[in-house]
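Just so it is clear, the model here is predicted, and its values are computed rather than measured.
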Amino acid sequence: QQQVKQSPQSLIVQKGGISIINCAYENTAFDYFPWYQQFPGKGPALLIAIRPDVSEKKEGRFTISFNKSAKQFSLHIMDSQPGDSATYFCAATYHSGGYQKVTFGTGTKLQVIP
Amino acid sequence: DVKVTQSSRYLVKRTGEKVFLECVQDMDHENMFWYRQDPGLGLRLIYFSYDVKMKEKGDIPEGYSVSREKKERFSLILESASTNQTSMYLCASRSQGVRRDTQYFGPGTRLTVL
């Protein structure tokens, strides 16, 4: 019930195209949904995040769409660029015993080809 | 800027050796975490610490221990390294005081156990 299922495992997109990564969860106690971006040789870094009372959040070319009833959320990268090539992790957080706990998806390796 | 540093980027150890991985953060964060990252498995939590001298088991603690004697430093210990502990190890920290604050990751240590 603590899992977050992420798909696809890998994705190849042409430059200028739209990259879409999907995540699904079961635990209704999750209260925050961040996405992390990880470049080779680096640790993950927060890219964008959404609260469950919001259906969409946009920051530049990156958009999170959130469907609370379906327990699904997705990351859309518009006008994908070669510099977006990285591994993307969705995550979901909840609070237990006064502390935040985080569950990560398994990651999607995105390659944007020129 | 939050900075999380890890003592080594690459380590090669032999089976049975005791291995220490060090992590230091400079933002006075209460919470610190150790993850391992493996292809197709995403980020899996090994141990975490909510404050100095506190530690809690994560999802895969077997074969590992941790130490947090100072707020800024969180050490991961492999008591007797085995080949199945070959992996990328990521340290992270976050502020306890902000409910939806993100985790800040170090660059990772790639450990190879021969």
key: Residues of residues 104-114 of chain A within contact distance of chain B, non-hydrogen under 4.5 Å   = A:F104, A:G105, A:T106
request  = Check the pair B:L43, A:Q38 against side chain to side chain contact (heavy atoms under 4.5 Å, CB included), reporting the backbone distance first and the verdict last.
outcome  = CA-CA 12 Å; B:L43 299 168; A:Q38 183 182 29; 5.7 Å; no
key: More than 12 heavy atoms of other groups within 6.0 Å of B:E79 CD   = yes
message = If we define contacts as heavy-atom pairs under 4.5 Å, which of A:G41, A:G43, A:P44 has the most with chain B?
response = A:P44
message = Assigning hydrophobic clusters by single linkage (Ile, Leu, Val, Met, Phe, Trp, Tyr; side-chain heavy-atom cutoff under 4.5 Å), is A:V102 placed with B:Y47?
response = no
message = Quick check on the hydrophobic clustering: are B:V24 and B:L90 connected, directly or via other members, by side-chain heavy-atom contacts under 4.5 Å?
response = no
A:M78, CE: over 12 other non-hydrogen atoms inside 6.0 angstrom = no
request  = Examine whether an atom of B:R9 lies under 4.5 Å from a heavy atom of chain A, and if so say whether it belongs to the side chain, the backbone or both; otherwise answer neither.
outcome  = side chain
inquiry  = With clusters defined by side-chain heavy atoms of hydrophobic residues (ILVMFWY) lying less than 4.5 Å apart, directly or transitively, does B:L45 cluster with B:L21?
reply    = no
inquiry  = Applying a strict under-4.5 Å side-chain criterion to I, L, V, M, F, W and Y, I'd like to know whether A:I64 and A:F30 cluster together.
reply    = yes
inquiry  = Does any backbone or side-chain atom of B:Q37 lie under 4.5 Å from a heavy atom of chain A? Answer side chain, backbone, both or neither.
reply    = side chain
query = When you look at NZ of B:K71, are more than 12 heavy atoms from neighbouring residues, nucleotides or ligands closer to it than 6.0 Å?
reply = yes
ask   = Do A:F33 and A:F62 sit in the same hydrophobic cluster, where Ile, Leu, Val, Met, Phe, Trp and Tyr count as joined when their side-chain heavy atoms come under 4.5 Å apart?
value = yes
key: Residue pair B:Q103 / A:Y36: nearest heavy atoms and the distance that separates them   = N-OH, 3.1 Å
task = Sort A:Q6 into side chain, backbone, both or neither according to what part of it lies under 4.5 angstrom from a heavy atom of chain B.
result = neither
B:R44 CZ: over 12 foreign heavy atoms closer than 6.0 Å = yes
